[in-house]
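Accompanying notes for the structure given below.
Computed from a predicted model, the values in this text were never measured in an experiment. Quick note on labels: first sequence line is chain A, next is B, and so on, each numbered from 1.
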Protein chains: 4
Amino acid sequence: MNNSKQQQKGRVVRGMVGVGQLKSADEARLVRELVSSGSISDPSSPRGRLIGAAARLFQDKGFALTTVRDIAAEVGILSGSIFHHVKNKEELLCAIMLEVTRLAKARMTAAIEQQTHPRDRLLACITCELEAIHGLAVPGFPILVTEWRCLSAENQAKVLAEREQYESIWLQELGQRPPDCGVADPQLARRLLLGALSHTHSWFKPRGRGLTMKMLAEQALLTVWPNSHH
Amino acid sequence: MNNSKQQQKGRVVRGMVGVGQLKSADEARLVRELVSSGSISDPSSPRGRLIGAAARLFQDKGFALTTVRDIAAEVGILSGSIFHHVKNKEELLCAIMLEVTRLAKARMTAAIEQQTHPRDRLLACITCELEAIHGLAVPGFPILVTEWRCLSAENQAKVLAEREQYESIWLQELGQRPPDCGVADPQLARRLLLGALSHTHSWFKPRGRGLTMKMLAEQALLTVWPNSHH
Amino acid sequence: MNNSKQQQKGRVVRGMVGVGQLKSADEARLVRELVSSGSISDPSSPRGRLIGAAARLFQDKGFALTTVRDIAAEVGILSGSIFHHVKNKEELLCAIMLEVTRLAKARMTAAIEQQTHPRDRLLACITCELEAIHGLAVPGFPILVTEWRCLSAENQAKVLAEREQYESIWLQELGQRPPDCGVADPQLARRLLLGALSHTHSWFKPRGRGLTMKMLAEQALLTVWPNSHH
Amino acid sequence: MNNSKQQQKGRVVRGMVGVGQLKSADEARLVRELVSSGSISDPSSPRGRLIGAAARLFQDKGFALTTVRDIAAEVGILSGSIFHHVKNKEELLCAIMLEVTRLAKARMTAAIEQQTHPRDRLLACITCELEAIHGLAVPGFPILVTEWRCLSAENQAKVLAEREQYESIWLQELGQRPPDCGVADPQLARRLLLGALSHTHSWFKPRGRGLTMKMLAEQALLTVWPNSHH
DNA sequence: TATGAATGAGTATTCATTCAT
DNA sequence: GATGAATGAATACTCATTCAT
């Protein structure tokens with residue numbers, strides 16, 4: 001990383017109070033609003049704890065390799081009791097994906113609002129998604145990509161509908177880039193970026209030293225918005 | 001894709017005889033050599049047909065959701081006969097990953113040799129990997145990413161050892177880029193690129209009209225080597 | 001059996017109300033105590049019925065030739081349900097061996113207590129073991145010998161630990177014999193006797209006429225305590 | 001074993017040149033005769049090596065747990081080739097039992113001929129059987145007891161017919177005992193002895209120090225012929 | 001005789017799901 | 001809402017046996 005110095009400087013100048021990251025007070029308020037509007041389950045409710053536990057396990061071991069007994073044990077109930085809260089194992093997966101999508105959407109919307117400069121707004125999107133992928137804010141986000149095909153077509157449609165707005169935010173922000181930023185088509189840029197960011201789940205350690213998440217976000221930004229086009 | 005025209009022009013000028021793609025005669029010779037050296041199984045042998053069928057199914061339905069009965073049916077034998085050629089379902093996965101890696105490595109080496117300009121060589125790498133991901137040349141390549149965690153630690157180590165050379169080619173080629181190409185660190189650039197390319201498997205249709213694979217390769221190249229730095 | 005008359009006389013004189021055998025009331029109380037202390041499963045509980053059925057089948061057909069389907073059919077459940085109560089087929093075998101050992105130990109202890117003369121006490125041991133071997137009181141006892149090697153080393157250790165006390169009773173009683181009783185070493189005498197008694201399982205019919213179990217016990221006693229040394 | 005000294009003395013006095021044991025020249029001649037008469041297979045012939053290997057494995061792991069592949073590997077052929085020499089896995093077991101019985105019979109006959117005193121003759125029987133059980137002379141003998149029930153009724157009858165003479169030798173020798181030797185009935189004495197001797201397979205180490213096989217044989221003799229009745 | 005690929009019925013075990021209590 | 005016993009279909013894997021070469 002021979003040019004990391006100048007990039008770090010850039011980051012410090014632009015995003016003073018946490019690029020794309022929300023203050024923990026905002027974070028909490030956001031969750032509270034989503035819960036009270038019924039968009040996501042209360043994490044402390046039985047259903048919320050069930051979804052949380054399942055999300056953790058699906059992410060770690062995969063949907064197919066996670067047994068309903070594993071999940072029950074994680075929550076502290078017996079396997080039969082799961083089906084009081086959810087019809088199916090698949091419905092559980094679907095519920096996770098829906099809630100994950102809603103939370104990620106709300107977070108990203110909030111994060112963008114705090115930024116005015118298009119580059120900072122895009123950086124905020126990337127940071128939000130990275131935080132989601134690495135479970136810092138939205139537990140279970142990588143499941144959206146890795147376990148997609150475990151969902152029936154019907155359920156895939158449900159999640160896609162929910163996801164549409166999330167993706168349209170991305171497309172809008174990517175559309176604000178100046179010309180000559182590399183991949184011009186926002187749709188294509190988004191897809192390449194989504195793949196790149198999702199895959200960080202398998203190699204990036206957010207707690208590790210060296211490459212921080214902020215640095216990673218800035219580097220990812222460079223793939224669709226090179227430094228030469230500030 | 002508002003600036004695709006100028007990019008297409010560039011591509012046509014540089015890589016006249018198929019950027020990164022091998023002639024089918026070369027392709028065949030490559031496979032023959034790998035077979036005769038024992039690196040991969042003869043696709044027409046029982047073991048080769050088994051590996052091929054399993055690769056197809058693992059890619060389509062995932063390792064966990066593919067039963068040995070499915071595989072056997074695909075080959076045209078009974079499920080018990082599978083274990084004549086391979087000890088485990090997991091060993092089958094491992095064998096696929098090893099052979100896929102060897103073939104991809106050989107193809108990429110051959111493709112690079114045909115190019116001299118660093119940018120063309122990197123484009124050849126990307127094209128090779130895209131062709132692999134979309135099953136045009138190396139059936140089963142996406143399994144390497146999607147089913148990685150289904151492998152035991154021991155088998156992961158085996159595949160990693162085999163993969164090392166493949167990745168070092170990437171790092172070397174990425175190291176040939178001029179400064180200011182965005183993500184400077186070759187390792188990081190490779191990881192972001194791998195994620196972006198792998199993910200194309202879930203949305204890009206190579207047979208579809210509009211975005212061709214060549215176009216996709218050039219666009220992917222732009223994420224780590226913008227046009228502004230020819 | 002030309003000298004059986006004098007032996008019968010001896011038996012009648014010494015052990016009038018059933019040499020070494022417990023009254024059925026005592027028998028029932030013993031089982032109840034072991035159940036309530038958790039040493040053995042309640043024979044009427046699901047687990048108890050499972051263990052009982054498996055013991056019967058393992059004894060008749062052998063561990064390896066008994067399928068879990070056989071066992072399930074015997075209990076009246078489906079094969080999959082077995083693994084609700086026990087982790088493994090082998091763990092089932094282990095559980096049987098442990099419970100069999102505990103019951104045999106308790107019975108022998110109770111039987112010995114009722115006798116004072118060393119010869120009668122040893123005869124009580126022999127009778128107890130014969131009753132166990134022939135399923136009159138401790139169903140599944142022969143399994144301890146015949147299926148021993150089907151147990152993993154780990155489980156063998158568990159059973160051995162449980163069996164130690166049972167065997168030490170034998171050694172103690174065999175140590176009470178007068179000199180010149182043939183095999184002097186209690187350990188060796190026990191081993192020869194165990195083999196002799198175990199093997200009766202394959203030829204002695206307790207219900208048959210002619211040789212009764214009492215007679216058999218007295219004859220077995222003679223191998224380690226000849227009549228000439230009263 | 002507090003009286004082992006006097007017993008050892010007794011042994012040395014009576015059976016000077018190996019009680020019950022054959023000289024290795026006699027041993028070899030015996031086998032040669034049996035082979036040439038067709039009673040047993042030539043150990044160096046394909047069938048002989050097959051039977052030998054199977055006997056070893058059946059004895060170590062049990063009939064049910066030994067696969068036909070294990071046997072083939074031991075012989076150095078492939079599993080399919082076994083069925084050129086033998087119709088069934090069970091027929092293989094049956095063949096072993098028949099040959100084992102014939103060899104044991106011949107050995108015991110030869111050993112008895114060398115003794116005149118009834119006690120020595122009986123001791124020779126015991127020693128012969130111990131040698132057989134511990135594989136010193138007749139590999140596979142314990143299988144006769146441990147794997148008996150793996151044989152179909154039909155095959156059991158075949159082996160029983162072959163075994164009859166072997167057992168009648170035992171009965172005859174046990175009938176030569178003086179009165180008051182404990183278990184008077186030769187049939188019963190034989191059965192108890194057979195059990196006791198068979199079981200030594202699971203605890204006696206012929207190579208171990210301390211208790212030698214000769215000592216063990218003498219001790220076993222004491223169970224049916226106490227010292228007090230020389 | 002030996003090979004090696006294939007068979008097919010069989011094995012233990014798993015697991016999402018149900019339901020009376 | 002929770003339990004725990006049971007279901008029943010499915011799973012990976014085994015293995016004696018066959019047979020064309």
Once side chain to side chain donor-acceptor pair (under 3.5 Å) is applied, do any residues pair with C:E74, and if so which ones, sequence neighbours excluded? C:R56
Could you tell me which non-hydrogen atom of A:C150 sits nearest to which non-hydrogen atom of A:L93, and how far apart they are? CB-CD2, 3.8 Å
Can you sort out the partners of A:R32 under salt bridge (Lys or Arg N to Asp or Glu O under 4.0 Å), two or more places apart, ordered by chain and number? none
Report the residue (A:A64 or B:P46) whose heavy-atom-nearest nucleotide on DNA chain E is the more 5′ of the two. B:P46
Minimum heavy-atom distance C:P43-C:V35, with the two atoms named: CD-CG2, 4.1 Å
With sequence neighbours excluded, tell me which residues meet side chain to side chain donor-acceptor pair (under 3.5 Å) with C:E33. C:R29
Is the shortest heavy-atom distance from the side chain of A:L144 to the side chain of A:I96 under 4.5 Å? no
Please list, in numerical order, the residues of residues 48-60 of chain A that have a heavy atom closer than 4.0 Å to any atom of DNA chain F. none
Secondary-structure notation, DNA chain E, from Watson-Crick and G-U pairs under 3.5 angstrom (| other strand): .||||||||||||||||||||
So ring pair (Phe, Tyr, Trp, His ring centres under 6.0 Å) across residues 38-62 of chain C, not counting sequence neighbours, yields C:F58-C:F63
Atom-to-atom span, CD of B:E91 to P of F:dC13 - whole angstrom: 10 Å
Describe the nucleic acid contact of C:S45 in one word from base, sugar-phosphate, nothing, applying a heavy-atom distance below 4.0 Å. nothing
C:R69 CZ - F:dT11 P separation (whole Å): 14 Å
Search all heavy atoms of A:L92 against all heavy atoms of A:A54 and return the closest pair with its distance. CD2-CB, 3.7 Å
If I take atom CG in residue B:D70 and atom P in nucleotide F:dT11, what distance separates them, rounded to the nearest angstrom? 7 Å
For D:D60, check side-chain contact (heavy atoms from CB on, under 4.5 Å) against everything at least two apart and list the hits. none
Of all the heavy-atom pairs spanning A:G140 and A:A55, show the shortest one and how long it is. CA-CB, 4.2 Å
Can you give me every donor-acceptor pair (side chain of residues 46-53 of chain A, partner residue at least two apart or in another chain, under 3.5 Å) with its distance?
| unit_1 | atom_1 | unit_2 | atom_2 | d |
| --- | --- | --- | --- | --- |
| A:R47 | NE | A:S41 | OG | 3.3 |
| A:R47 | NH1 | A:H85 | O | 3.3 |

Those residues at least two apart in sequence (or on a different chain) that pass salt bridge (Lys or Arg N to Asp or Glu O under 4.0 Å) with C:K61 are C:D70
I need the residues from residues 74-88 of chain B with at least one non-hydrogen atom less than 4.0 Å from DNA chain F; give them sorted by number, or say none. B:S79, B:G80, B:F83, B:N88
Could you list where the contact with chain A starts and ends along DNA chain E, reading 5' to 3', using a 4.0 Å heavy-atom cut-off? E:dC15 to E:dT18
Salt bridge (Lys or Arg N to Asp or Glu O under 4.0 Å) partners for B:E147, two or more places apart: A:R149
